[in-house]
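Worksheet: one structure, shown below.
For reference, positions follow the sequence shown, starting with 1. Just follow the structure's listing: the first ligand is 1, and inside any ligand the first atom is 1. This one's a predicted model, so the numbers in the text were calculated from it and none came from an experiment.
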Amino acid sequence: MTRPLILIAGDQLTTDLAVLSQAPSDAVIALCEVAGEGRYVPHHPQKIALIFAAMRHFAAQLRQQEIRVHYSALDDPDNTQALIPEAERIASLYQCGEIRVTRPGEWRLWEAMQQRAKAALPWVVLEDERFFSTPQDFSDWAAGRKSLRMEYFYRMMRKRTGLLMEGAEPAGGKWNYDADNREPVPDHLDLPDPPEHRHDATTREVLELVETHFGEHFGRLEGFQWPVTRRQALVDLRHFIDKLLPDFGRYQDAISDDQPFLFHSRLSASLNIGLLSPREVCESAEAAYYQGAAPLNAVEGFIRQILGWREYVRGLYWTRMPSYKQSNTLHAERGLPDFYWTGDTDMRCLSRAIRMTHDNAYAHHIQRLMVTGNFALLCGVAPSALCDWYLAVYADACEWVELPNTLGMVLHADGGLMGSKPYCASGKYINRMSDHCAQCRYDPGKTLGEDACPLNSLYWHFLERNRHVLADNHRMKPIYGNLARMSSEKRDALRDQAEDFLENLKTEAAYGQGTHRQAYEPDR
Ligand code: FAD
Ligand code: DLZ
Ligand code: SF4
């Protein structure tokens, strides 16, 4: 047997990988920092720092276990700065006969690895076992089904794992407690302080490196607080279960003008890069319910995000790629609005969501879906432009989870595979769920005029523009009924107002402009 090189990518930082448990004793483990992975979209500096710092700590952990590790640092003079060539360079350095790797998180790399399966130095791709299900499980579940609704996949996963199950029945008698989870942001919030993670010498070195090499990317590096070791991630998990989970459900859909995190867990990045396993996270939440420390609506809602949505979008991604990425049912062609990189807009909800994204490499789900996502949907932003943005700006972004959420859930670009109707909303929704509007120069109650909330006319414009695709959807019929009942004068005036707004909206002619951190204006 020839000695294998085992490549561990920056989002596979756990010993729970088949490539490691099956590794022969002479295997060489490689971790490679490469500029190519940091730049194919201009990743937020905090995301790059998170990946590099976690990679370095993981390499140190493996070395402590006497495992032979080759670590390519970003500024190594021989570094080829691209993941696949770098692994091949290291393999020849150690005279390895093959390269073993875990299924990566992106089709782009998976395809490149498949193409090398029969090369002189062959690549062998093993399944990623960090999930509750495999792409094959999803494919088996989807076979012959007319509808691929997440809810049914989720119920199947509940039965299969036994999570929140009491015999054959769901805990409490219902599968889904979402109806209890729609409270808006309260007037006064008493949020516990999040844990602070001390930066050791390794993390400090990475922060400097990232500042030097990626400092021009959109996003603030100061205030970096992501867990970079399993130990730190476990501290965050404990904090969430003890302090935040009890209120997670009721405020899950709320949006706050000044609180970026509310009762959300912020565990996605740790889950996605391997510091936490989805099973331990779900089991900790389940235990809190059975110990009486958190109510069922919160625990079920939280487990559904991980056992349901997270597994479901991954199955969708791997069974629908590569054609999935080209879907554009609503023929949306607009470039990304410039202000997604600068925050420079009078629309308070959007300027706050973008500011929080810039400062924290984080926005919670409803900000992604109903603020930046909804605005892009209403304006007809091209799926490719929006997907690249989401992939770049969040610390947790990996294409297998980002793409179905953006393309399917936000933009309805997959023709309703993922959601039975688009999540389109006017300013009324934002006003109900947030405290932004009271601080905005626009009025969410007005549809026409200089101070009318732009989302209102854009909402009707979106519906009119896409009538041929959406009007027959039974869930959209009441909304189209409202449009039909409107006087033609009002419809014309709304159309003019929206078109005027869209004509003046500055957008990127081509992806990649304006990504400089310096373009960001001081706090408004
Ligand atoms: P919480 O609200 O605490 O939720 C708990 C966990 O559930 C999350 O950590 C996450 O692992 C999982 N989860 C929640 N919602 C989803 C979902 N819709 N799909 C998959 N998993 C979910 N999530 C990513 O992990 N990476 C991404 O690149 C990503 N891109 C997104 C892009 C868009 C346009 C949208 C609308 C959503 C995206 N999400 C993505 C899903 C979700 O917004 C984030 O998982 C969540 O905001 C992360 O914050 P949290 O850990 O505080 O989540
Ligand atoms: C996101 C990222 C970045 C910024 N840098 C690296 C890197 O230098 N080396 C590496 O192995 N992985 C990196 N990653 C994560 C990869 O982009 C990720 O593994 C693929 O996109 C598949 O999800
Ligand atoms: Fe957003 Fe409209 Fe409210 Fe302003 S008025 S914060 S633009 S929803």
Side-chain angles (χ1 to χ4, degrees), residues 7-12 31-40 43 47-48 50-52 55 72 74 81 83 86-87 104-106 108-110 150 214 240 244 248 252 257 261-273 278 281 301-314 345-352 362-373 375-376 386-387 390-391 394-407 409-411 423 425-431 434 436-446 451-456:
L7 175 67
I8 309 283
D11 50 359
Q12 300 175 338
L31 290 107
C32 313
E33 293 172 1
V34 290
E37 289 302 307
R39 292 199 200 286
Y40 72 99
H43 291 298
K47 176 179 182 184
I48 304 175
L50 162 67
I51 300 265
F52 287 4
M55 283 170 72
S72 294
L74 188 80
Q81 304 296 352
L83 202 53
E86 186 60 4
E106 212 171 301
R108 165 183 66 94
L109 287 172
W110 185 83
M150 193 288 293
F214 303 96
F240 171 70
L244 303 171
F248 173 85
Q252 198 179 344
D257 197 72
F261 312 125
L262 293 170
F263 295 93
H264 292 276
S265 68
R266 282 197 285 159
L267 295 176
S268 50
S270 294
L271 280 163
N272 295 350
I273 70 172
V281 172
F302 179 73
I303 288 181
R304 176 161 21 94
Q305 306 312 312
I306 296 178
L307 181 65
W309 281 112
R310 190 169 184 269
E311 297 286 321
Y312 170 86
V313 296
R314 182 166 180 268
T345 170
D346 285 344
M347 290 178 282
R348 180 77 184 180
C349 49
L350 281 142
S351 74
R352 290 305 294 147
Y362 178 90
H364 62 71
H365 184 66
I366 297 300
Q367 289 178 305
R368 298 185 204 194
L369 180 63
M370 298 310 295
V371 181
T372 45
F375 182 78
L386 193 67
C387 286
Y390 280 112
L391 188 58
Y394 293 118
D396 60 27
C398 298
E399 196 180 77
W400 64 265
V401 50
E402 174 277 319
L403 190 76
N405 270 294
T406 310
L407 195 144
M409 199 187 285
V410 165
L411 293 180
Y423 283 93
S426 66
K428 216 157 101 183
Y429 173 88
I430 306 284
N431 194 28
S434 81
H436 287 311
C437 302
Q439 303 177 63
C440 184
R441 98 152 176 81
Y442 296 111
D443 182 344
K446 288 195 179 165
D451 61 342
C453 168
L455 298 183
N456 293 339

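Taking atom 26 (N) of ligand 1 as the reference point, the nearest protein heavy-atom neighbour is Asp396 O, 3.0 Å. The nearest protein atom to atom 21 (O) of ligand 2, hydrogens excluded, is given as Glu106 OE1, 3.1 Å; this is a heavy-atom distance. The protein heavy atom nearest to atom 25 (O) of ligand 1 is Asn272 ND2, 2.8 Å. In terms of protein heavy atoms, atom 45 (O) of ligand 1 is closest to Ser268 CB, 4.0 Å. Regarding atom 8 (O) of ligand 2, its nearest protein heavy-atom neighbour is Val34 N, 2.8 Å. Remark: minimum distance from atom 47 (O) of ligand 1 to any protein heavy atom is reached at His365 N, 3.3 Å. Among protein heavy atoms, the minimum distance from atom 40 (C) of ligand 1 is reached at Arg368 NH1, 3.5 Å. Asp11 OD2, 3.4 Å is the protein heavy atom nearest to atom 18 (C) of ligand 2. Closest protein heavy atom to atom 14 (C) of ligand 1: Gln305 CB, 3.4 Å. The protein non-hydrogen atom at the shortest distance from atom 16 (C) of ligand 1 is Trp309 CB, 4.1 Å.
The shortest N or O to N or O distance between His364 and ligand 1 is not under 3.5 Å. On a distance-only criterion, Thr406 and ligand 1 share no N/O pair closer than 3.5 Å. Checked by distance only, ligand 1 and Phe302 stay at 3.5 Å or farther apart across all their nitrogen or oxygen atoms. For Lys47, no nitrogen or oxygen atom sits less than 3.5 Å from a nitrogen or oxygen atom of ligand 2, counting backbone and side chain alike. Between Gly10 and ligand 2, an N or O atom pair is found at a separation short of 3.5 Å.
Both the backbone and the side chain of Ala9 come within contact range of ligand 2, each with a heavy atom under 4.0 Å. For Trp400, no heavy-atom contact with ligand 2 is shorter than 4.0 Å. Contacts between Tyr362 and ligand 1, counted as non-hydrogen atom pairs separated by less than 4.0 Å, involve the side chain only. If you look at Leu74 next to ligand 2, there are no close heavy atoms at all, none under 4.0 Å. Proximity of Cys398 to ligand 1, defined as any heavy-atom pair under 4.0 Å, is confined to the backbone N, CA, C and O atoms. At a heavy-atom cutoff of 4.0 Å, ligand 1 is contacted by the side chain of Leu271 but not by its backbone. At a heavy-atom distance under 4.0 Å, only side-chain atoms of Leu109, from C-beta outward, approach ligand 2. If you look at Phe248 next to ligand 1, the close heavy atoms, those under 4.0 Å, all belong to the side chain. Neither the backbone nor the side chain of Thr372 comes within 4.0 Å of ligand 1, counting heavy atoms alone.
Taking all heavy atoms of His43, Glu37, Arg108 into account, the minimum distance to atom 13 (C) of ligand 2 is reached by Glu37. The residue among Val371, Ile366, Val401, Asn405 with a heavy atom at the shortest distance from atom 33 (C) of ligand 1 is Asn405.
Near Phe52, meaning under 4.0 Å from any of its heavy atoms, are these atoms of ligand 2: 5 (N), 7 (C), 8 (O). Those atoms of ligand 1 that come under 4.0 Å of a heavy atom in Arg266, given as number and element, are 50 (P), 51 (O), 52 (O). Atom numbering of ligand 2 starts at 1 in the shown order; those under 4.0 Å from a heavy atom of Cys32 are 7 (C), 8 (O), 9 (N), 10 (C), 11 (O). Those atoms of ligand 2 with a heavy atom of Gly105 less than 4.0 angstrom away are 22 (C), 23 (O). If you number the atoms of ligand 1 from 1 as listed, the ones under 4.0 Å from a heavy atom of Val410 come out as 34 (C), 36 (C).
Within the 3.5 Å criterion, the main-chain N or O of His436 finds no donor-acceptor partner in the side chain of Arg348. Using a distance-only test at 3.5 Å, with no hydrogens or angles considered, a donor-acceptor pair links the side chain of Tyr390 to the main chain of Gly373. Between the side chain of Glu37 and the main chain of Glu33, no donor-acceptor pair closer than 3.5 Å is present.
Under a 4.0 Å heavy-atom criterion, Tyr394 is not in contact with ligand 1. Taking a 4.0 Å cut-off on heavy atoms, Gly38 registers as neighbouring ligand 2.
Other residues, nucleotides and ligands contribute only 12 or fewer heavy atoms inside 6.0 Å of the OH atom of Tyr423.
Aromatic ring orientation, His264 versus His364: parallel (interplanar angle below 30°, classes split at 30° and 60°).
With a cut-off of 2.8 Å, the protein N/O/S atoms near atom 4 (Fe) of ligand 3 add up to 1.
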Could you pull out every donor-acceptor pair under 3.5 Å between side chains of residues 396-403 and any protein atom, sequence neighbours left out?
{"from": "Asp396", "atom 1": "OD1", "to": "Arg368", "atom 2": "NH1", "distance (Å)": "3.1"}
{"from": "Asp396", "atom 1": "OD2", "to": "Ser268", "atom 2": "OG", "distance (Å)": "2.7"}
{"from": "Asp396", "atom 1": "OD2", "to": "Arg368", "atom 2": "NH1", "distance (Å)": "3.4"}
{"from": "Asp396", "atom 1": "OD2", "to": "Arg368", "atom 2": "NH2", "distance (Å)": "2.9"}
{"from": "Glu399", "atom 1": "OE1", "to": "Tyr317", "atom 2": "OH", "distance (Å)": "2.4"}
{"from": "Glu399", "atom 1": "OE2", "to": "Lys325", "atom 2": "NZ", "distance (Å)": "2.8"}
{"from": "Glu402", "atom 1": "OE2", "to": "Thr406", "atom 2": "OG1", "distance (Å)": "2.8"}

